[in-house]
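Down below is the structure, laid out as structure tokens.
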Protein chains: 2
Amino acid sequence: MGRWEPNARGRLVQAAMELYGERGYEQTTVAEIANRAGLTERTFFRHFADKREVLFWGGGALQELLVSSVAEAPASTAPIDAVAAAFEAAAAQLQERREHSRQRQAIIAANAELRERELIKLESFASALADALRLRGVADTAASLAAEAGIAVFKIAFVHWLATGQPDFPQLIRESFDELKAVAAGK
Amino acid sequence: MGRWEPNARGRLVQAAMELYGERGYEQTTVAEIANRAGLTERTFFRHFADKREVLFWGGGALQELLVSSVAEAPASTAPIDAVAAAFEAAAAQLQERREHSRQRQAIIAANAELRERELIKLESFASALADALRLRGVADTAASLAAEAGIAVFKIAFVHWLATGQPDFPQLIRESFDELKAVAAGK
DNA sequence: GCGGCTGATGTCAGTTGCTGTCATCACCAT
DNA sequence: ATGGTGATGACAGCAACTGACATCAGCCGC
């Protein structure tokens with residue numbers, strides 16, 4: 001295994017997913033991950049800021065999808081509906097890798113540090129969504145509320161999707177947004 | 001400073017707040033906190049699970065207030081309104097220590113690890129609120145949605161309260177819930 | 001084809017958060 | 001006073017993370 005094997009980052013992600021899944025996040029050392037990837041601990045930290053981040057690589061793509069979906073919604077679309085459409089698009093993406101999502105979520109759910117990291121990633125999504133809404137002329141507070149409410153819906157629908165094996169995730173998202181509307185209306 | 005000075009935990013919290021405020025969270029070592037409190041590093045970790053937790057002591061009281069508020073709401077109150085009432089009560093509590101809230105929030109906002117910890121504490125609030133709603137007979141998804149939406153409103157209103165110096169935090173909470181209702185209705 | 005440049009990796013030493021273990025000491029009940 | 005109990009100190013150790021410097025593959029100009 002020479003020094004110059006390609007795709008070091010991908011190998012590290014792969015090794016980390018395997019080890020976190022096999023023996024758990026806490027019981028896995030960074031040295032072990034690096035070793036399985038044929039690299040050193042120091043190199044791991046050149047690719048990822050910390051031991052958690054290796055599980056969240058690729059989150060940027062999802063964020064871009066959310067933002068562009070909001071940006072491309074018709075001007076007449078209400079903020080909450082633009083957000084809903086964005087999450088429907090995200091759900092369609094995630095649905096293509098359901099098994100991967102399930103494994104990843106099982107790892108994250110089993111560890112508090114990883115849950116913390118996931119929450120701050122979702123918060124970053126909310127912030128980006130709110131910015132995208134403001135670009136559409138939505139007022140500050142309304143933009144933040146629509147974005148955060150959207151994240152809330154997504155979190156709940158995501159868990160539900162993985163738990164029930166519901167085949168159509170985008171539809172589940174739609175239904176969950178409808179239920180949010182009902183709840184907010186005081187039903 | 002003898003071994004048996006009272007209120008070790010309180011002294012650690014005090015010392016940590018001071019040092020985090022003076023030189024920042026990352027630039028403060030646990031040994032320094034313990035030293036300022038007249039204790040050792042080992043004792044710090046007997047009182048707090050980690051370096052972050054020292055800033056979140058007392059969060060349990062707020063959670064209990066939220067839960068009991070929901071539990072005590074009239075049976076006819078809609079879930080979202082029970083949640084709103086709970087956060088109004090919490091806001092009234094926080095308002096009594098506005099300056100403390102401001103300093104604490106400034107420290108947290110300055111550091112990603114602390115923001116992560118805060119988010120998981122809020123998630124814990126959401127979970128407890130959802131449980132309290134289920135005890136009232138609210139359906140699973142609706143309970144989770146009302147709780148998470150409430151947290152979303154609170155997060156936004158809290159920042160707004162500290163940023164604007166608005167005197168009446170509970171009223172700000174009420175207005176923010178109204179705005180959520182408008183946003184969710186597609187306004 | 002050769003030498004130098006660049007960027008990715010390896011090596012090593014060090015700091016700090018955090019834990020396990022055992023000794024020590026204040027306080028309290030008897 | 002005596003022994004038990006709970007909080008604290010002292011010490012050793014692991015693992016996450018960082019800085020500094022060496023090394024090596026591939027590419028570029030010549």
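Within every chain, numbering begins at 1; the chains are lettered A, B, ... in the order of the sequence lines, protein sequences first and strands thereafter.
- Distance NZ (B/Lys51) to P (C/dT16): 9 Å, rounded to an integer number of Å.
- B/Ala8 comes within contact range of the sugar-phosphate backbone alone, with a heavy-atom separation under 4.0 Å but no base atom that close.
- Computed from coordinates, the A/Glu41 CD to D/dA16 P distance equals 7 Å when rounded to whole Å.
- Cluster annotation: A/Ile108 and A/Val13 are assigned to the same hydrophobic cluster (Ile/Leu/Val/Met/Phe/Trp/Tyr, side-chain heavy-atom contacts under 4.5 Å, transitive).
- Computed from coordinates, the A/Glu32 CD to D/dC17 C1' distance equals 17 Å when rounded to whole Å.
- For the pair B/Arg42 CZ and C/dG17 P, the interatomic distance rounds to 14 Å; values are reported in whole Å.
- The interatomic distance linking B/Asn111 (CG) with C/dG17 (C1') rounds to 14 Å, in whole Å.
- Between the CD1 atom of B/Ile33 and the P atom of C/dC18 there is a distance of 10 Å, given to the nearest Å.
- Between C/dG10 and A/Thr40, a contact under 4.0 Å exists linking OP1 or OP2 to a side-chain N or O.
- Neither side chain, B/Thr141 nor B/Ser144, offers a donor N or O lying under 3.5 Å from an acceptor on the other.
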| task | Apply side chain to side chain donor-acceptor pair (under 3.5 Å) to A/Glu88 and A/Gln171, showing your working. | result | CA-CA 8 Å; A/Glu88 284 178 44; A/Gln171 185 193 335; over 6 Å; no
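- In terms of position on DNA chain C, the residue among B/Arg52 and B/Arg46 whose nearest nucleotide sits closer to the 5' end is B/Arg52.
- Using a 4.0 Å cut-off, some side-chain N or O of B/His47 falls inside it from OP1 or OP2 of D/dT8.
- Among residues two or more places apart in sequence or in another chain, the side chain to side chain donor-acceptor pair (under 3.5 Å) test is passed with A/Lys155 by B/Glu123, B/Glu148.
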